[in-house]
Structures are given as C-alpha cells and as structure tokens.
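Lettering of chains follows the sequences in order, A, B, ..., and the numbering in each one begins at 1. Note that the structure is a prediction, hence the values are computed from the model and not measured.
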Number of protein chains: 2
Amino acid sequence: MSVAASSSAKSAVPRDTQRIYSIAELSREFAITARTIRFYEDEGLIKPRRQGMTRLYSVGDRTRLSWILRGKRLGFSLAEIRELLDLYQVDRTGVQQLRELLRRSQLHIADLERKRADLDQHINEFREVESQVSAELRQRGVDPESD
Amino acid sequence: MSVAASSSAKSAVPRDTQRIYSIAELSREFAITARTIRFYEDEGLIKPRRQGMTRLYSVGDRTRLSWILRGKRLGFSLAEIRELLDLYQVDRTGVQQLRELLRRSQLHIADLERKRADLDQHINEFREVESQVSAELRQRGVDPESD
DNA sequence: GTCTTAGTTAACGTTTACGTAAACGTCAAT
DNA sequence: ATTGACGTTTACGTAAACGTTAACTAAGAC
C-alpha cells in the first residue's frame, strides 16, 4: 500500500503532489479494471506519462479519472465527458474563447439543473412510497424499523 | 394539436382518464421513435392493450413511459428501470412483501441521494467555472451578458 | 537462473439500446 | 383502384463500453 517514504513526515499538508500511481493502484482504488483505464486512454480521456511502456499516473490524472467516473454515474457518455473535460483545459487567453467557454458552461449547467429536477422528483416519489409502506406496516402492528 | 372534443368543456378536471394514445402520438410527444416504444415493450417495460395487431396506449401506459424516460435521463439502465417499475406494482397484501418493498425503497433512495450529491458537486464546479470566466471577461471590459 | 508478479499490445467477444430496411396489412380519401 | 398515412413483424446492423483471452516483456525474489 505504501510507497517508500523519501521525506520526513513533517508537513501535515499533503505534499504528495508528486505522487505517482500505477494502473493497478488506480484500478483497485476505484474498483474498475485496468482494461477500463486503458480504454479511457484510447478514447483520449486520460494521458498518463510513460516510462518505457509502463504508464505512470500523476495526481492530476487520478483526479481526472475520478471526474470521469462521476460523470459516468451521472449518466454521461464517454463522448460527453470528453467534451466536458476539454472545456476545462481549453485555451483561455482569447476573449472569443472565454465567451465560448462561458456559453457552453451555461448550457451545461442548465442541463444539469434539469437533471437535478428530475432527480428530486424521482426521490420524492420513492420517499412517498417509503412513508406509505411504513404507515401501512405500523397500522398492522409491525415495527418498520426492525430488521 | 387538438383531438376532436367529444364532450362538453364543462369539467375543469381532466376526465380524459379514458384517453387512448396511438404509438405515433406518444412517439411525437416524447420525441422518441415508435421503434423505441416497441423495444420497451419487448423488454417488458410497457404492456399496451391490443386491438387486433394495433397497440393502444392508456393514460397509465403514457405515465409509465414518461417514467421510463426520466429514469433514462438519470442514467439508469432499462433493466434497473424495469426493477423499479416492478417495485411499484408488487403485491402489497402480505407483511413480508411490504417489508421487502420498504427495504428496497430505502436502498434505492440511498442510491439516489448519493447520485444527488454527485450531481450537486458537479453543478458547483461548473458554476465556479462560470463565475470565474464571467469575472475574467468583466475585467477585460467585456460584458458577459451580451450575446 | 528461473519463478512470480506487474505490466504491455492486439484482437475478438459481449451486452445494451436502439436504427434500419424489407415486406406486408388496413383504412380513408381521391 | 390506387395512393398515402399509419400500423405491423422479422431480422440484421451498429455504437458504446468494456470483458476476455492470448502472447509477450521487464523487474525483483529466492
């Protein structure tokens, strides 16, 4: 689990900005296969350094990966996720580019908020099921809490 | 847009509980193809009445369909959606069944709330991008509002 | 030295969620 | 009687997102 500590354990601030992860470490941590990680690379979602043939993942790569997985959980396709990731690292020097970035961010936020409304409605429906069923059980003299 | 009104427009309550939809109507309304609707039927998600070979969709079928589509937007697979739909129409007479329903509802709610946390985080990140980019544009003397 | 433990590429297989013809039936309107 | 709109089934096709061998290499442990 631990990489040979090269420095003193003085600073409380995680200075492991330099940390490097192997593909196996990341696959364990995120409970996905190495194949999946390599696949994301083929799809242009992550670009780890290489040491010969071996892939070396930086902290940034790790963050990117977790971002990708969250996107997946939210129901975005890999193509959409790639677009969103690219949004972040687009060149922000020109005014035109900034305006485009702003526009697309706003579109994306609107999309997400629609999704959130869907989700809230969905949650409420199930909460209602839950409370109705609980009530029904209590009425029958059963404690809904008992496992 | 309007269907020939067969009754007086007296009651404000939509009494069109009897309404029947064709597959084309539903596909238009929800902006999906008829193929998709038939596919959902093959997968056991909707079961419309038949008049000969032709499918007739009730108001309940319509509701079910919109529920399915919302599930999809939230990133659930059709298999998961089928399970959730089945949750609703399970036999609720026995105590054991009620307890099982309660248990599964609670699991599902927990899952949804995790998803909601993901989504909120995601939204916040993009809001921050938005405000940063807006600030940057203002600093450069550009009005971010102008289209 | 060789054995074990990661790592690699390459290529084919699989599941999900439909798209896309092909080939046909039904009914109203011209 | 034919055209057109709408419906049907059957069946093959496809894109996305990986899983699964297979056939290797490179680095340490013993």
Side-chain angles (χ1 to χ4, degrees), chain A residues 1-4 19-58 61-62 64-86 118, chain B residues 1-4 19-58 61-62 64-86 118:
Chain A
M1 272 285 180
S2 69
V3 177
R19 260 216 71 177
I20 277 173
Y21 303 86
S22 72
I23 197 167
E25 264 180 301
L26 289 184
S27 66
R28 250 173 279 136
E29 178 174 359
F30 293 110
I32 56 180
T33 66
R35 172 71 178 93
T36 299
I37 299 178
R38 291 192 200 102
F39 178 74
Y40 290 162
E41 183 176 349
D42 286 348
E43 295 292 298
L45 299 179
I46 340 175
K47 306 176 207 302
R49 283 169 42 210
R50 298 282 183 127
Q51 174 177 281
M53 299 263 87
T54 305
R55 293 163 171 86
L56 299 179
Y57 297 86
S58 70
D61 291 330
R62 200 199 85 114
R64 236 176 131 78
L65 181 54
S66 93
W67 210 95
I68 293 166
L69 296 174
R70 195 181 64 198
K72 287 232 67 190
R73 287 196 301 274
L74 294 176
F76 293 106
S77 72
L78 293 188
E80 290 170 314
I81 291 172
R82 180 175 36 225
E83 262 198 72
L84 296 176
L85 282 171
D86 290 352
D118 275 352
Chain B
M1 273 288 176
S2 72
V3 177
R19 260 216 70 177
I20 277 173
Y21 303 86
S22 72
I23 197 167
E25 265 179 301
L26 290 184
S27 67
R28 250 173 281 137
E29 178 175 358
F30 294 110
I32 56 180
T33 66
R35 172 72 178 93
T36 299
I37 299 178
R38 291 192 200 102
F39 178 74
Y40 291 163
E41 182 176 350
D42 286 348
E43 295 292 297
L45 300 178
I46 341 176
K47 306 177 208 301
R49 281 170 43 210
R50 298 278 183 133
Q51 174 177 280
M53 298 263 88
T54 305
R55 293 164 171 86
L56 299 179
Y57 297 86
S58 70
D61 291 330
R62 201 200 85 114
R64 235 176 132 80
L65 181 54
S66 93
W67 209 95
I68 293 166
L69 296 174
R70 194 181 64 197
K72 287 229 65 190
R73 287 197 300 275
L74 294 176
F76 293 106
S77 72
L78 293 187
E80 290 170 315
I81 291 172
R82 180 176 36 224
E83 262 198 70
L84 296 176
L85 282 171
D86 290 352
D118 274 354

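- Applying the salt bridge (Lys or Arg N to Asp or Glu O under 4.0 Å) test to A:Asp86 and every residue at least two apart in sequence or in another chain returns nothing.
- By the ring pair (Phe, Tyr, Trp, His ring centres under 6.0 Å) test, A:Phe76 pairs with A:His108, B:His122, sequence neighbours left out.
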Report, one line per pair, each donor and acceptor closer than 3.5 Å where one atom sits in a side chain of residues 34-44 of chain A; sequence neighbours left out.
residue: A:Thr36; atom: OG1; partner: A:Thr33; partner atom: OG1; Å: 3.0
residue: A:Glu41; atom: OE1; partner: A:Arg55; partner atom: NE; Å: 2.6
residue: A:Glu41; atom: OE2; partner: A:Arg50; partner atom: NH2; Å: 3.0

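- In this view, B:Arg49 satisfies the side-chain hydrogen bond (donor to acceptor under 3.5 Å, both in side chains) rule with no residue, not counting sequence neighbours.
- Residues passing the salt bridge (Lys or Arg N to Asp or Glu O under 4.0 Å) test with A:Arg70 are B:Glu125, sequence neighbours excluded.
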For every nucleotide of nucleotides 5-21 of chain D, 5' to 3': is a protein heavy atom under 4.0 Å from its base (B), only from its sugar-phosphate (S), or from neither (-)?
-> --SBB-B-----BBBB-
